[in-house]
Structure formats: C-alpha cells, structure tokens
2 protein chains.
Amino acid sequence: MVAHRGNDQDAVFKALADASRRTLLDRLRQRNGQTLGELCDGLQMTRQAVAKHLGILRQANLVAWRREGRERLHFINPVPIHEIAERWLRRFELPQLEALAQLKQKLEGEEP
Amino acid sequence: MVAHRGNDQDAVFKALADASRRTLLDRLRQRNGQTLGELCDGLQMTRQAVAKHLGILRQANLVAWRREGRERLHFINPVPIHEIAERWLRRFELPQLEALAQLKQKLEGEEP
DNA sequence: GCGATGTGCAACCATTTGGTTCCTTGTTCA
DNA sequence: TGAACAAGGAACCAAATGGTTGCACATCGC
C-alpha cells in the first residue's frame, strides 16, 4: 500500500522546515538503522524532543522504525524527498533562468 | 554581494514550508511581475496576510519586488530553490535507493 | 528477582506563526 | 482638489511549534 494523494507533500515540506530534523535525516543517511538513543547524541536537546522530531518525520513518511528488543531502530525513506524534487522543485529549474534575467532587468527599472 | 553562508538555506526551507507561500511562488512562476493585489485574488485571506507571506519569501531571497507608481511588482528568484535541490536534496537521491531496499527488508525483520 | 537501560506518554510552557482589524500614506485620475 | 485605489504599518489574537519535566513501562544482564 502506498497511499500518497499528493497532499502529504505538505507534511514533507513542513518536516524539512526544521534544521534539527534535517540533521536527523542527514545522520540516518550516513548510517541507517540507528536507535533513538544514538540519534540523540550531541544534539543539545532531550530525548523526548528528538522523539517528537522523529514522529514528525515518520508522519511525513521520511522515516520508519521498528522495535528490536528494547531499542527502536530508525530507517530513512528517501522517496518523498525524491518526489518533492521531481514534482515541485523541477518547475523552477532551467526554463526559468529566463525569469532570472527578467528579474535583474525589471528590478533595475525597465518598463513592460 | 552574494552573502549566503549556507545558513539562509534554513530561511528557504521555512519559506517553502507553507502551502500559501508555495502557491504564491507557483503563481509568479506562471506569470512574473504581478502586483500585490493580483497575487491576492482568490487566495481566501486578506491582503495583509499575503503581504506578510511575500515578506517571508523575500527574506528567503525567493521573491523580489520594485514599486511602479502606486503598485508593487513581484518577481520570482528561482536560484535558492535551485541550490536547495543541488546541495541538499541530491544527497538523498539514487545512491540511497540501496537504503530503500534496506528499509523494506529491515522493517520486515531481517537481522543486522 | 532486580537494577540499569531504552523507550512511551502526558502535561505543561514560551515563542513563533498565520491571520485578522484598524488606520495611515502615497498615487492616479476625473 | 479630492475621491478612489494600491500599498504600508502596527497592534492584537488563536493556534501551532519546539521544547521541557516527571513518571510509567518494557527489556536486558547479572
């Protein structure tokens, strides 16, 4: 079951809006499958705060976890980021470099 | 003067976190140089709210404007979005599809 | 069994955020 | 000149956000 109606894109953007959460994703990218405790190390905030961030990342489908004994192992899911890049950011790419030229000129005061 | 110490990346992420602001960017992408009033049309919120959103977009360097008589013309700047795509999202691309396979397996319960 | 370890849950708090309303300032045009 | 139009500015407000503390629960090792 995949179940992404394109609306969860908002959840992904919101999840990526926080630097701590981006750090967590970066850590998981470097080494997948870390426990909650490991992800807390050096992160100048309590375990509960980190757990909340991971919960938000999970709601955005960017992270999943499973329990292993008394630990919780976290795994990154790069697909939503991929989709954002493909379906949204791509619109603002090269075909819009024209817009950049426009920008410079218009700001300098050319009229229509 | 360019002055992006990679820190303003946070401002861009935060700016993109709001659906209304993404809508504004989409509108400017479709037609650059719109006035504040034009950008308000159909947007189920007051002009002042839209102006605030545009202010946030400007702080993130995603939008610039200049006054033209009694109007304010807005122009999109796609460069920061470009940079996000290049410098951040790219890390989570194909080399990490391996991670996706890991994810499925690990969640199903394979051992380390 | 029992203490140490890893996590879960809930209440609480300060600040930020997204939005409003009210009022002022600047421009166009008849 | 003065009314209509476009935008600027500030105070205010409810809700979301990011964080904390305190305590309960489950599991591992001895």
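Throughout, a chain's letter reflects where its sequence line sits, starting with A, and its residues are numbered from 1. For clarity, every value in this text was computed on a predicted model and none was experimentally measured.
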- prompt: Is the backbone of B:Leu39 close enough, under 3.5 Å, to the side chain of B:Arg27 for a donor and an acceptor to pair up by distance?
  reply: yes
Spacing of B:Leu39 atom CG relative to D:dG8 atom P, expressed in whole Å: 12 Å
message: Distance check needed: D:dT27 P versus A:Glu68 CD, whole Å only.
response: 12 Å
- prompt: Are the side chain of A:Glu38 and the backbone of A:Thr35 linked by a donor-acceptor contact shorter than 3.5 Å?
  reply: yes
query: How long is the line joining CG of A:Leu36 and P of C:dG8, in whole Å?
result: 7 Å
Under 3.5 Å donor-acceptor, A:Arg21 side chain and A:Lys14 backbone: yes
message: Below the 4.0 Å mark, does D:dG8 have OP1 or OP2 next to a side-chain nitrogen or oxygen of B:Arg72?
response: yes
- request: Could you pull out all residues at least two apart from B:Gln34 that satisfy side-chain hydrogen bond (donor to acceptor under 3.5 Å, both in side chains)?
  value: B:Arg31
Where do N or O atoms of nucleotides 18-24 of chain D meet protein N or O atoms at under 3.5 Å, pair by pair?
{"unit_1": "D:dG18", "atom_1": "OP1", "unit_2": "A:Asp18", "atom_2": "OD2", "d": "3.3"}
{"unit_1": "D:dG18", "atom_1": "OP1", "unit_2": "A:Arg21", "atom_2": "NH2", "d": "3.4"}
{"unit_1": "D:dG18", "atom_1": "OP2", "unit_2": "A:Arg21", "atom_2": "NH1", "d": "3.2"}
{"unit_1": "D:dG19", "atom_1": "OP2", "unit_2": "A:His53", "atom_2": "NE2", "d": "2.3"}
{"unit_1": "D:dG19", "atom_1": "N7", "unit_2": "A:Lys52", "atom_2": "NZ", "d": "3.0"}
{"unit_1": "D:dG19", "atom_1": "O6", "unit_2": "A:Lys52", "atom_2": "NZ", "d": "2.2"}
{"unit_1": "D:dT20", "atom_1": "OP2", "unit_2": "A:Thr46", "atom_2": "N", "d": "2.8"}
{"unit_1": "D:dT20", "atom_1": "OP2", "unit_2": "A:Thr46", "atom_2": "OG1", "d": "2.6"}
{"unit_1": "D:dG22", "atom_1": "O6", "unit_2": "A:Gln48", "atom_2": "NE2", "d": "2.8"}

field: Protein-nucleotide distance (A:His74, atom NE2; C:dG8, atom P), rounded to Å
entry: 7 Å
- request: Round to a whole Å and report the spacing from CG of B:Asp10 to C1' of C:dT17.
  value: 15 Å
- request: Say whether, by atom type as modelled, one donor and one acceptor occur between the side chain of B:Arg29 and the main chain of B:Asn32 under 3.5 angstrom.
  value: no
- prompt: Hey, does the side chain of A:Arg22 reach the backbone of A:Leu16 with a donor-acceptor pair shorter than 3.5 angstrom?
  reply: yes
message: Does A:Arg70 contact C:dT7 through a side-chain donor or acceptor facing the base, at a distance under 3.5 Å?
response: no
query: In whole angstrom, what separates B:Trp65's CH2 from D:dA6's P?
result: 18 Å
- line: B:Leu54 atom CG is separated from C:dG18 atom C1', nearest whole Å, by 14 Å
statement: Rounded to whole Å, the CD-P distance (B:Glu71 to D:dC5) equals 13 Å
